[in-house]
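Data first, discussion second: the structure below is written as C-alpha cells.
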Number of protein chains: 2
Amino acid sequence: MTRPRSRRGGGRPTIADVARKAGVGAITVSRALREPGRVSEDLRRQIQAAVDELGYVPDPNARALASARAEVFGVLVPSLTNNVFAEVVRGIYDSLSDSPFRIQLGNTHYSGLEEERLLQVFALQRPAALIVAGIDQTPLSRKLLETAGCPVVQVMETGPDPVDMLVGFSHFDGGRTATEHLIEMGYRRIAFIGARMDPRSQRRLAGYRAAMEAIGLFDPRLVTTTPLLSSVSLGRELLRDALAKMPSLDGVFCNNDDIALGVLFECRRAAIAVPKTIGIVGFNDLDMMQAAFPSVTSVRTHRYEIGRRAVAMALAAIAGQRPQQRVVDLGFQLIRRESTAR
Amino acid sequence: MTRPRSRRGGGRPTIADVARKAGVGAITVSRALREPGRVSEDLRRQIQAAVDELGYVPDPNARALASARAEVFGVLVPSLTNNVFAEVVRGIYDSLSDSPFRIQLGNTHYSGLEEERLLQVFALQRPAALIVAGIDQTPLSRKLLETAGCPVVQVMETGPDPVDMLVGFSHFDGGRTATEHLIEMGYRRIAFIGARMDPRSQRRLAGYRAAMEAIGLFDPRLVTTTPLLSSVSLGRELLRDALAKMPSLDGVFCNNDDIALGVLFECRRAAIAVPKTIGIVGFNDLDMMQAAFPSVTSVRTHRYEIGRRAVAMALAAIAGQRPQQRVVDLGFQLIRRESTAR
DNA sequence: TTGTAGGCGTTATCAG
DNA sequence: CTGATAACGCCTACAA
C-alpha cells in the first residue's frame with residue numbers, strides 16, 4: 001500500500017479534492033466557480049456543497065500561472081503619505097475590497113525612473129489592470145503601459161492623449177480659478193508659493209500665471225518654489241522668502257493645503273492680518289482648512305472619487321465593456337472661506 | 001513539420017530558454033539565481049550572460065506555486081489615510097524596495113472582522129512574512145498568525161505576549177507622560193479628548209487616568225470621546241463638548257495631533273488664550289505641530305522607524321537569524337512647545 | 001557541483 | 001454541458 005505523497009502545500013484542499021467529492025471533473029469545478037452560467041444547475045449545487053464542506057479556496061498563484069493573468073490591480077502613486085494620494089488609494093481599496101482582485105501598490109517617490117522600474121516589476125505579474133498617477137510618464141513607461149495587455153487608467157489629471165483611460169481634473173484650471181478668486185476679491189500682488197513642484201503643481205502654476213497675465217500683473221518675483229517635499233513648516237519658510245522678495249504682496253495662492261496652513265501660521269506669528277492684509281488660497285481642501293481660524297479658502301478636489309471611478313472604469317473594461325468616454329473630468333470646486341473674505 | 005505550440009504566456013523567455021542558451025540544466029539556472037554560492041564560478045558567469053542577453057526574469061507566480069512560498073510581505077493596517085499608519089507603511093515600502101519581496105497591503109478599517117477576513121486571504125498566498133498593526137487581534141486572527149508558518153511582526157505597541165515579534169512603544173506611558181507634563185506645568189483640570197478610540201487610544205486614556213488619579217484629580221466628566229474618525233474639525237467640536245461639560249477645564253490632552261489642532265483652532269476662535277487659559281498636548285508630533293502658532297506640545301512617536309525595524313526583524317527571521325529580542329520598544333519623546341509654556 | 005524526474009494547483013484546448 | 005489531457009514556469013527531492 002503506497003503512502004500518498006505528502007502535499008508540499010499546507011494540506012489545503014485542492015480542486016481535485018472538490019472534484020472527487022462532487023463526482024465531477026476538476027475542470028467542471030473550475031468552471032462552476034468562474035462561469036456558473038456554463039454549468040448545469042445540478043452540478044453547480046453539488047460542487048458548491050463540496051466546496052463548502054471542504055473549505056476549498058482556489059490558489060491564486062496556481063490560477064495566475066495557468067491563466068497567464070493575475071487577479072491583481074497594479075497601482076502606482078508618487079507618495080504614500082501625501083494625503084491626496086492616500087485618499088485616491090483608499091478609494092481604490094474600498095472599491096476592490098469585495099472583489100477577487102488584490103492590489104499591488106507601488107511608491108514612485110515622484111521619480112520617473114522609479115516608475116519605470118516598478119512598472120517592469122508589475123508587468124511580470126500580468127496584472128488585470130494598471131492605475132497610475134499622472135500623465136507625464138517617460139517614453140519607456142508609456143510603452144510598458146501600452147504593451148501591458150490590460151486596461152490602464154491614469155488618474156489625477158485630464159489630458160488629450162491617455163494611454164487608455166483617464167480620470168481626474170484640470171490642474172491648470174484649478175490654479176487659474178483660485179487666482180481669479182483672489183483677483184475678484186480685490187487682491188492684486190498675488191504670490192504663488194509651491195513646494196515639490198511635480199507636473200501637476202507646474203500646471204497649477206501655469207494657471208496662476210495665466211490669470212495674472214490676463215490682468216497684466218504677472219511678475220516672476222511673485223513666484224516662490226522649492227523642490228523640497230511639502231510640509232506645513234515649509235509653508236512658513238516659503239512665505240518668509242516670498243515676503244523678502246516682495247514685501248508688498250497681498251495674496252498667496254498655495255500649491256497645496258499644507259503650504260497654505262504654514263502660510264497662515266506664519267502670518268499669525270508675524271501679526272499679518274488674514275484676510276485683511278494678505279489673502280490665502282490653498283489647494284485640495286483638506287478637512288483642516290474648514291476648521292482653521294480663520295478658515296481657509298481652497299480648491300476642493302475629489303480624490304476618493306477619482307480612485308473609485310478609476311476602478312469602476314477598469315472593472316468595466318475587464319468585463320469587456322469599453323466605457324463611452326475614456327476621459328472623465330471630475331472637476332473641482334472653489335470653496336470660499338474667511339481667508340479671502342475681505 | 002509540426003508547428004511549435006505557441007506559448008500561452010506572452011512569449012517571455014523561460015528558465016528553459018536560459019538553460020539551453022547557457023548549455024546547462026534548468027535547475028542550475030534556478031540555483032545560480034537563488035543560491036549563487038552553490039554554483040561554480042564558470043557556470044554562473046555563462047548563466048548570467050544568457051540571462052542578460054535574453055532579458056530573463058523569473059515568473060513570481062510560477063515560483064510561488066512551485067515553492068509553496070510567495071515572496072510577499074503581508075501588511076495589515078487599520079487606515080491608509082491616517083498619517084500615522086501611512087508613515088509606518090512608507091517605512092516598510094522603503095525597506096523592501098531593493099529586495100525581491102512584494103508587499104500585499106490590507107486596510108482593516110479598524111475592524112477585527114475585516115482583519116480576520118484579510119488574514120485569511122493573505123494566508124492563501126503563503127507570504128514570506130506578516131506585519132500587522134496592534135496587539136489586540138481576535139482569537140481567530142491570532143490563530144491565523146500563529147499558523148501562518150512565517151515570521152510575524154506586530155507593530156505600534158509593546159506588550160508581554162507577542163505572536164512572534166513586536167516593535168512599538170507604550171501608549172499607556174505616552175499618555176501618562178503627556179498628562180504629567182501638563183500637571184508639571186501647573187494645569188489641574190486637565191481634560192482628555194479623543195476620537196475613534198481604538199485600543200491604542202484606550203491605553204493612552206488609561207495613562208492619562210493613571211496620572212490624574214495619582215494626584216487625586218481624575219474626574220470622569222473630564223473625559224470626552226467619540227467613536228467617529230479623527231479629524232481637525234472634530235477636535236473643535238469635542239472641545240466645545242468638553243467645555244460644556246466642564247467649563248473650568250484648563251488643559252487638554254488630545255488623543256492625536258489632528259484633534260489637538262482642532263482644539264487649538266477652537267480656542268483661538270473662542271478667544272481662549274493658549275497656553276495661558278488652556279494648555280494643549282497632542283500625540284504623534286506631526287510636522288504641523290511645530291509650525292502651528294502657538295506651536296503645540298506633543299508626544300513624538302517613531303512611526304517610520306517602526307516600519308523599518310519591523311522589516312529588518314522579519315528579514316532576519318527569514319534568513320534564519322532569530323533576533324535576540326523579540327520585543328523592541330522604540331519609545332517616544334515629549335516635545336515641549338508653546339502650547340503648554342505658561 | 002550538476003542533472004533527471006516529477007509535481008505544485010489551476011486553466012486552455014479540444015473532443016465528446 | 002462535461003471531461004481528458006496537456007501545459008503554465010519553476011522548484012523539491014533524489015541521484016549521479
Side-chain angles (χ1 to χ4, degrees), chain A residues 2-47 51 54-71 100 124-126 128, chain B residues 2-20 22-47 51 54-71 100 123-126 128:
Chain A
T2 66
R3 188 137 104 278
R5 194 185 299 91
S6 76
R7 282 238 181 71
R8 290 218 287 254
R12 280 213 326 259
T14 73
I15 201 168
D17 298 328
V18 177
R20 206 171 306 122
K21 166 150 272 177
V24 300
I27 187 60
T28 306
V29 175
S30 176
R31 269 198 286 260
L33 263 26
R34 287 175 302 136
E35 314 169 273
R38 301 187 35 159
V39 172
S40 72
E41 184 62 28
D42 274 7
L43 283 192
R44 201 165 55 213
R45 250 198 299 274
Q46 285 180 49
I47 290 170
V51 164
L54 260 29
Y56 166 74
V57 186
D59 181 322
N61 294 121
R63 187 169 262 190
L65 180 59
S67 65
R69 184 55 74 198
E71 292 185 312
L124 295 179
Q125 304 198 51
R126 309 190 154 279
Chain B
T2 65
R3 190 141 101 275
R5 193 185 300 88
S6 75
R7 284 235 180 74
R8 291 218 288 253
R12 280 217 320 263
T14 73
I15 201 169
D17 298 328
V18 177
R20 206 171 308 121
V24 301
I27 185 60
T28 307
V29 175
S30 174
R31 269 197 286 257
L33 263 26
R34 287 175 301 134
E35 314 169 89
R38 301 186 35 160
V39 173
S40 72
E41 184 61 27
D42 273 7
L43 283 192
R44 199 164 58 212
R45 250 198 298 274
Q46 285 180 48
I47 290 171
V51 164
L54 260 28
Y56 168 75
V57 187
D59 180 324
N61 294 120
R63 187 171 264 189
L65 180 59
S67 65
R69 183 56 73 197
E71 293 186 311
L124 295 180
Q125 303 198 52
R126 311 190 152 281

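Labels below follow one simple rule: chain letters A, B, ... track the order of the sequence lines, proteins then strands, and each chain is numbered from 1.
- Here C/dT13 is the nucleotide among C/dG9, C/dT13, C/dA12 with the atom lying nearest to any side-chain atom of A/R31.
- Rounded to an integer number of Å, the gap from A/I27 CD1 to C/dT10 C1' is 8 Å.
- Candidate nucleotides C/dT11, D/dG9, C/dT2 were compared by shortest atom distance to the side chain of B/T14, and D/dG9 ranks first.
- Each of B/S40 and A/I15 has a nearest nucleotide on DNA chain C; the 5'-most of these lies closest to B/S40.
- When the nearest nucleotides of DNA chain C are assigned to A/E35 and B/G23 by heavy-atom distance, the more 5′-ward of the two goes with B/G23.
- Here the nucleotide nearest the side chain of B/L65, chosen from C/dC8, D/dC10, C/dT11, is C/dC8.
- Taking only side-chain nitrogens and oxygens, B/R34 comes nearer than 4.0 Å to OP1 or OP2 of D/dT12.
- Candidate nucleotides D/dG3, D/dC10, C/dT2 were compared by shortest atom distance to the side chain of B/P58, and D/dC10 ranks first.
- When every heavy atom of B/Q125 is checked against every heavy atom of A/P60, the shortest pair comes out as CG-CG, 4.2 Å.
- Distance from the side chain of B/A66 is smallest for D/dC10 among the nucleotides C/dG3, D/dT12, D/dC10.
- Separating the OH atom of A/Y56 from the P atom of C/dT10 is a distance of 3 Å, rounded to the nearest angstrom.
- Toward the 5′ end of DNA chain D lies the nearest nucleotide of A/R38, the other residue of the pair A/R38 and B/A62 mapping further downstream.
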